[in-house]
Amino acid sequence: MNRTLRIAIPVALGIAVLLMWEALVAAFAVPRIVLPAPSDIGEAFVSDFGTLMAATFVTLRITLIAFVLAVLGGVALAILFAQSRLIETALYPYAVVLQVTPVVAIAPLLTIWIGYDNIEAVTLTLAWIVAFFPVLANTTLGLKSVDRNLIDLFRLYGASRWQILTRLQLPNALPFLLGGMKVSGGLALIGAVVAELAAGSGTSTGLAWILTLATRNLHMGTAFAALALLSALGIAIFFALSALEYWLLHRWHESALKVQT
Amino acid sequence: MTALLSLRAIAKTFDTGTHALGPIDLDVEEGAFVSIVGPSGCGKSTALRVIAGLLKPDSGAVAWPGSKPEIGFVFQEPTLMPWVKTLANVRLPLDLEGTPRAEADARAKTALARVGLAGFENAYPRELSGGMKMRVSIARAIAAAPKLLLMDEPFAALDELTRQALNDDLLTLWREDGMTVLFVTHSVYESTYLSERVVVMSPRPGRIAADIPLAPPQARDAGWRLTPQFASEAAKVSQALKEAMAA
């Protein structure tokens with residue numbers, strides 16, 4: 001299948017579904033507060049454009065900051081784990097606890113600790129907690145799964161720990177890290193949304209809050225527009241990270257070869 | 001001829017309780033091409049690792065009558081770093097030893113040319129065939145001009161034609177450089193073809209069952225594989241291996 005068709009087919013399907021949606025809502029006279037027609041959503045999008053964009057920017061900013069901090073923290077801790085068995089044994093269980101505790105359950109606590117007047121910081125923290133673990137787990141695996149013979153070769157030539165880390169373990173971990181980043185990029189967005197919903201307060205101004213407000217006020221067009229924007233953000237993050245992965249790996253890694261075909 | 005290295009009562013038992021090796025004694029003369037033949041799991045690889053200093057023996061010692069020489073190591077797998085190009089893979093020993101980049105590049109290029117891969121400096125490992133990858137691995141091992149080359153079943157995974165070509169190229173490299181080669185294999189024919197001395201090891205725990213001198217390499221030419229003398233030498237090694245397995 002050629003490239004044009006691979007894009008054209010899903011786009012055509014999407015347009016067909018939207019048209020059918022529009023027609024069905026009109027045919028059955030579905031109330032707007034139950035299911036708005038695509039045209040209502042479009043209208044809301046235009047009329048609330050300023051608010052929606054501002055909220056998108058807030059959510060995107062929180063997601064990106066949480067994601068970058070999760071990558072930095074995850075990689076740093078993974079390097080520490082790879083250097084010291086003791087540190088890993090001591091800390092890993094707590095990293096898992098952080099991961100498995102549902103973020104919705106921590107949200108109210110963090111809101112109290114960090115403060116209602118600082119919801120952005122709460123959201124950021126929660127998004128970071130959610131996004132952190134995949135990076136840590138994948139990078140740790142990547143640092144450790146180096147070919148034993150290559151390590152022996154480095155030792156034979158008297159390589160230092162630093163040389164083994166930078167020339168062998170880190171490059172080896174790169175595909176693992178990028179895989180983890182793809183998961184955690186999506187999770188950072190989910191974390192940012194869930195945190196904002198759970199913390200639920202007027203001082204937050206992200207897309208999730210717009211969604212909450214619009215639903216409460218039965219502005220379903222706006223709610224759906226916010227939802228669509230959240231999807232768009234998720235898709236953008238995924239494609240950006242896929243592009244990064246391809247750019248970094250395609251010359252040498254098998255996984256990137258298959259993407260091409 | 002003086003000994004380059006002497007193994008004295010080397011024995012190794014792994015943490016798992018497997019008594020892998022020895023005790024063995026072995027002297028390897030400077031400039032020799034010695035093969036170690038034995039069944040799978042007889043501790044051949046363990047012996048090479050002990051010599052390379054990658055594994056500590058439980059008892060015994062490796063003695064270097066001269067100073068400890070620069071060592072090159074070739075594994076059964078090419079063991080290349082997939083994320084760097086061929087040239088950087090070959091340059092690795094020089095990079096780790098801190099050789100200036102320009103000099104390291106020049107020496108790596110020479111090494112690549114010597115294994116027949118001139119022009120492949122900028123290829124990534126995944127773009128090369130199995131035989132070419134093994135050539136890169138050999139180029140890397142000789143890049144730092146080792147006096148001792150340790151090879152752990154390097155051609156076992158290759159097809160017969162590639163294997164024979166690499167056997168011949170290896171002999172050429174050895175003659176030109178005058179390095180000492182210690183070559184582990186489970187192929188009787190490969191060991192007979194390559195070496196001037198074959199050490200036969202018994203099944204686990206590996207001990208030296210026979211030490212067979214072969215016709216000096218000067219007497220060999222390209223047709224050596226087809227001579228009756230080659231056949232009779234191979235039969236000798238084969239017989240010794242059979243006896244070692246039965247013992």
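Please read all numbers here as calculations on a predicted model, not as lab measurements.
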Next item on the list: Measure up the B/W174 and B/F33 rings against each other and bin them: parallel (under 30°), tilted (30 to 60°), perpendicular (over 60°).
Entry: perpendicular
Item checked: Which portion of B/L92 sits near chain A, non-hydrogen atoms under 4.5 angstrom -> side chain
Distance-only check: which donor-acceptor pairs under 3.5 Å involve side-chain atoms of residues 144-151 of chain B, not counting sequence neighbours?
residue, atom, partner, partner atom, Å
B/K147, NZ, B/E30, OE2, 3.3

Next item on the list: Under 4.5 Å heavy-atom distance to chain A, tell me which part of B/D152 shows up: side chain, backbone, both or neither.
Entry: neither
Check: Does any heavy atom of chain B fall under 4.5 Å from the side chain of A/D147, the backbone, both, or neither of them?
Finding: side chain
Next item on the list: Go through the atoms of B/F75 and report whether side chain, backbone, both or neither lie under 4.5 Å from a heavy atom of chain A.
Entry: side chain
Check: Taking every heavy-atom pair that is under 4.5 Å apart, which of B/E70, B/E97, B/E77, B/R49 has the most such pairs with chain A?
Finding: B/R49
Item checked: SB check B/E121 B/K85 (cutoff 4.0 Å) -> no
Check: Where on A/L174 is there a heavy atom nearer than 4.5 Å to chain B: the side chain, the backbone, both, or neither?
Finding: neither
Notebook entry, point to check: Side chain of A/S145, backbone of A/L141: donor and acceptor closer than 3.5 Å?
Noted result: yes
Check: Hey, is A/K144 close enough to A/E88 for a salt bridge, meaning N to O under 4.0 Å?
Finding: yes
